[in-house]
Amino acid sequence: MAKDPVRVLVTGAAGQIGYALVPMIARGVMLGPDQPVILHMLDIPPAAESLNGVKMELVDAAFPLLKGVVATTDVVEACTGVNIAVMVGGFPRKEGMERKDVMTKNVSIYKSQASALEKHAAANCKVLVVANPANTNALILKEFAPSIPERNISCLTRLDHNRALGQISERLSVPVSDVKNVIIWGNHSSTQYPDVNHATVKTPAGEKPVRELVSDDTWLNGEFITTVQQRGAAIIKARKLSSALSAASGACDHIRDWVLGTPEGTWVSMGVYSDGSYNVPAGLIYSFPVTCANGEWKIVQGLSIDEFSRKKLDLTAEELTEEKALAYSCLS
Ligand SMILES: NC(=O)C1=CN([C@@H]2O[C@H](COP(=O)(O)OP(=O)(O)OC[C@H]3O[C@@H](n4cnc5c(N)ncnc54)[C@H](O)[C@@H]3O)[C@@H](O)[C@H]2O)C=CC1
Ligand SMILES: O=C([O-])CC(=O)C(=O)O
């Protein structure tokens, strides 16, 4: 029997990431090749005409899984009945800015859209915040939508996770699909900690630790980390626009694994509400290694954290604590 369509909201749908993301969703990349979808697309009035153009293209693409499109500048209409909300709407940073520089503009959007989601989304709606500063926007959304369970609110660090897999794959000349279990800890910012201490590569002789195969701790503890931390800025420098296709793809990976589950023996990175695991302060949205099953994520427990890692986990937590204070000062 055909499945009922799932309603997926994309805010900022007339923007760069939106333009890459909506066709992926309509093709089943996010929810699977047998899952019909109805797309809800929100943008602001100055982008209304462009948003309508995106809607026209979605019709023209004749996607078999796409059962309807709502394109609107009305946040209530956009949020009504949605099962999944991908929050991309906001302002991207430009060359030379840190992600928290877009804070003032973006946190107020997340405060107001929190209430609309809380009132109008379907029960148990899963929320993914992409817009920067992603962790702090997600935290603001959580705090201003108290009736949405905290386990349903997350932010995107899967792009960083995928970037880390990509760097290891290039370094070792192995298929990216053979690399797994890197971890992005903390903030989606230049203080994030890409950790390979538990990562492995599939080889003909079984799974081997990335550290053993790379066999260059200077690179792994230095250039590898800074490359992943600075990748967003490198893309802006090269394209004069921030990452879009990779961000859209990461958003699909994030939701797909959350809804359909992570493969056995594999974890992924998600920005989720900290419960104090790994001595990360509770009450921050922090990126952790997680496994997903039955639509729920669970932080992977019991991983060893050496002294080098500990400092990095704490540094990015401190930045998030500061960002939280800054966000509240922007809102008041
Ligand atoms: N977490 C991550 O890994 C990544 C996050 N980003 C962030 O994603 C966001 C979007 O990036 P782009 O698509 O490149 O930007 P963009 O500027 O191309 O698109 C953003 C869209 O949001 C719309 N918008 C602005 N205010 C809105 C509101 N109140 N409600 C609904 N829509 C609104 C704009 O009109 C625009 O169409 C930026 O904040 C960017 O920094 C980008 C890449 C990766
Ligand atoms: O760097 C930016 O501003 C966009 C982004 O978040 C990323 O590419 O990781």
Side-chain angles (χ1 to χ4, degrees), residues 9-22 40-54 71-79 85-117 127-138 140-141 154-164 166 184 186-192 194 227-255 269-271 285 287:
L9 166 65
V10 176
T11 71
Q16 286 205 88
I17 296 176
Y19 191 70
L21 179 59
V22 292
H40 287 222
M41 305 196 295
L42 175 71
D43 214 296
I44 49 178
E49 198 180 345
S50 167
L51 185 68
N52 194 42
V54 178
T72 180
T73 58
D74 175 34
V75 63
V76 171
E77 188 186 3
C79 292
V86 187
M87 312 298 285
V88 186
F91 296 88
R93 69 172 169 153
K94 304 272 158 55
E95 207 168 340
M97 292 164 83
E98 281 297 320
R99 294 191 184 95
K100 68 180 160 208
D101 298 334
V102 294
M103 171 96 66
T104 336
K105 286 181 153 189
N106 288 347
V107 284
S108 57
I109 298 176
Y110 285 83
K111 180 181 171 185
S112 67
Q113 294 183 353
S115 332
L117 274 175
V127 183
L128 165 61
V129 177
V130 175
N132 283 314
N135 301 56
T136 299
N137 287 339
I140 294 300
L141 193 152
S154 65
C155 84
L156 187 69
T157 54
R158 183 60 176 269
L159 172 56
D160 309 285
H161 181 101
N162 289 347
R163 285 168 172 163
I184 303 298
N187 200 1
H188 173 65
S189 79
S190 51
T191 67
Q192 67 177 259
T227 299
V228 176
Q229 288 174 331
Q230 303 290 342
R231 191 67 160 186
I235 302 285
I236 294 173
K237 191 153 185 287
R239 273 183 14 101
K240 314 291 175 241
L241 287 169
S242 63
S243 335
L245 86 84
S246 55
S249 183
C252 288
D253 288 346
H254 176 114
I255 298 287
S269 303
M270 281 173 69
I285 301 269
S287 179

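Numbering of ligands and ligand atoms starts at 1, following listing order.
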Can you tell me which residue and heavy atom of the protein come closest to [atom], and the distance to 0.1 Å?
atom: atom 19 (O) of ligand 1; result: Gly15 CA, 3.2 Å
atom: atom 18 (O) of ligand 1; result: Gln16 N, 2.9 Å
atom: atom 13 (O) of ligand 1; result: Ile17 N, 2.9 Å
atom: atom 15 (O) of ligand 1; result: Pro92 CG, 3.5 Å
atom: atom 23 (C) of ligand 1; result: Asp43 OD1, 3.2 Å
atom: atom 32 (N) of ligand 1; result: Gly12 N, 3.5 Å

Specify the closest pair of heavy atoms between [X] and [Y], including all atoms of both residues, with the distance to one decimal.
X: Ser154; Y: Met270; value: CB-CE, 4.1 Å
X: Asp43; Y: Ala13; value: OD2-N, 3.4 Å
X: Ala164; Y: Val228; value: CA-CG2, 3.9 Å

Identify, by atom number and element, the atoms of ligand 1 in contact range of [X], meaning under 4.0 Å from any of its heavy atoms.
X: Ala14; answer: 37 (O)
X: Val88; answer: 9 (C), 10 (C)
X: Phe91; answer: 38 (C), 39 (O)
X: Gln113; answer: 28 (C), 29 (N), 30 (N), 31 (C)
X: Ala247; answer: 43 (C), 44 (C)
X: Ser242; answer: 14 (O)

Handout entry: Heavy-atom nearest neighbour of atom 6 (N) of ligand 1 within options Ile109, Val75, Asn132
Key =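 Result: the heavy atom closest to atom 6 (N) of ligand 1 is in Asn132.
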
Handout entry: Options Thr11, Leu128, Ile44, ranked by nearest heavy atom to atom 28 (C) of ligand 1, top entry
Key = Ile44

Practice task
Under 4.0 Å, heavy atoms only, figure out whether ligand 1 is touched by the backbone of Leu159, its side chain, both or neither.
Solution key: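 Side chain only.
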
Exercise for the section: Report the part of His188 (side chain from C-beta onward, or backbone N, CA, C, O) that has a heavy atom under 4.0 Å from ligand 1; answer both or neither where that applies. Expected result: side chain

Are any non-hydrogen side-chain atoms of [X] and [Y] less than 4.5 angstrom apart?
X: Ser287; Y: Gln192; result: no
X: Met87; Y: Leu117; result: yes
X: Gln230; Y: Ser190; result: yes
X: Gln113; Y: Leu42; result: yes
X: Lys237; Y: Glu95; result: yes
X: Gln16; Y: Ser242; result: yes
X: Ile109; Y: Phe91; result: yes
X: Pro92; Y: Val102; result: no

Problem - Side-chain H-bond candidate by donor/acceptor type, Ser189 with Glu98, under 3.5 Å - result: no

Problem - Nearest-0.5 Å distance that lies between atom OG in Ser246 and atom CZ in Arg163 - result: 5.5 Å

Handout entry: Sole candidate of Leu156, Leu128, Val22 that passes side-chain contact (heavy atoms from CB on, under 4.5 Å) when paired with Val86
Key =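 Answer after filtering Leu156, Leu128, Val22: Leu128.
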
Handout entry: Sole candidate of Ile285, Asn106, Asn135, Val107 that passes side-chain contact (heavy atoms from CB on, under 4.5 Å) when paired with Ile140
Key = Val107

Check whether any N or O atom of [X], backbone or side chain, sits under 3.5 Å from an N or O atom of ligand 1, and answer yes or no.
X: Ser243; result: no
X: Gly18; result: no
X: Val130; result: yes
X: Gly90; result: yes
X: Asp160; result: no

Practice task
Could you tell me whether a side-chain N or O of His161 sits under 3.5 Å from a main-chain N or O of Ile184, the two making a donor and an acceptor?
Solution key: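 Checking the backbone N and O of Ile184 against the side chain of His161, no donor-acceptor pair under 3.5 Å is found.
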
What are the atom names and distances for all N or O pairs under 3.5 Å between ligand 2 and the protein?
{"unit_1": "ligand 2", "atom_1": "1 (O)", "unit_2": "Arg93", "atom_2": "NE", "d": "3.1"}
{"unit_1": "ligand 2", "atom_1": "1 (O)", "unit_2": "Arg93", "atom_2": "NH2", "d": "2.8"}
{"unit_1": "ligand 2", "atom_1": "1 (O)", "unit_2": "Arg99", "atom_2": "NE", "d": "3.2"}
{"unit_1": "ligand 2", "atom_1": "1 (O)", "unit_2": "Arg99", "atom_2": "NH2", "d": "3.0"}
{"unit_1": "ligand 2", "atom_1": "3 (O)", "unit_2": "Arg93", "atom_2": "NE", "d": "2.5"}
{"unit_1": "ligand 2", "atom_1": "6 (O)", "unit_2": "Arg99", "atom_2": "NE", "d": "2.8"}
{"unit_1": "ligand 2", "atom_1": "6 (O)", "unit_2": "Asn132", "atom_2": "ND2", "d": "2.8"}
{"unit_1": "ligand 2", "atom_1": "6 (O)", "unit_2": "His188", "atom_2": "NE2", "d": "2.6"}
{"unit_1": "ligand 2", "atom_1": "8 (O)", "unit_2": "Arg163", "atom_2": "NH2", "d": "2.8"}
{"unit_1": "ligand 2", "atom_1": "8 (O)", "unit_2": "Ser243", "atom_2": "OG", "d": "2.5"}
{"unit_1": "ligand 2", "atom_1": "9 (O)", "unit_2": "Arg99", "atom_2": "NH2", "d": "2.9"}
{"unit_1": "ligand 2", "atom_1": "9 (O)", "unit_2": "Arg163", "atom_2": "NH1", "d": "2.9"}
{"unit_1": "ligand 2", "atom_1": "9 (O)", "unit_2": "Arg163", "atom_2": "NH2", "d": "3.3"}
{"unit_1": "ligand 2", "atom_1": "9 (O)", "unit_2": "His188", "atom_2": "NE2", "d": "3.2"}

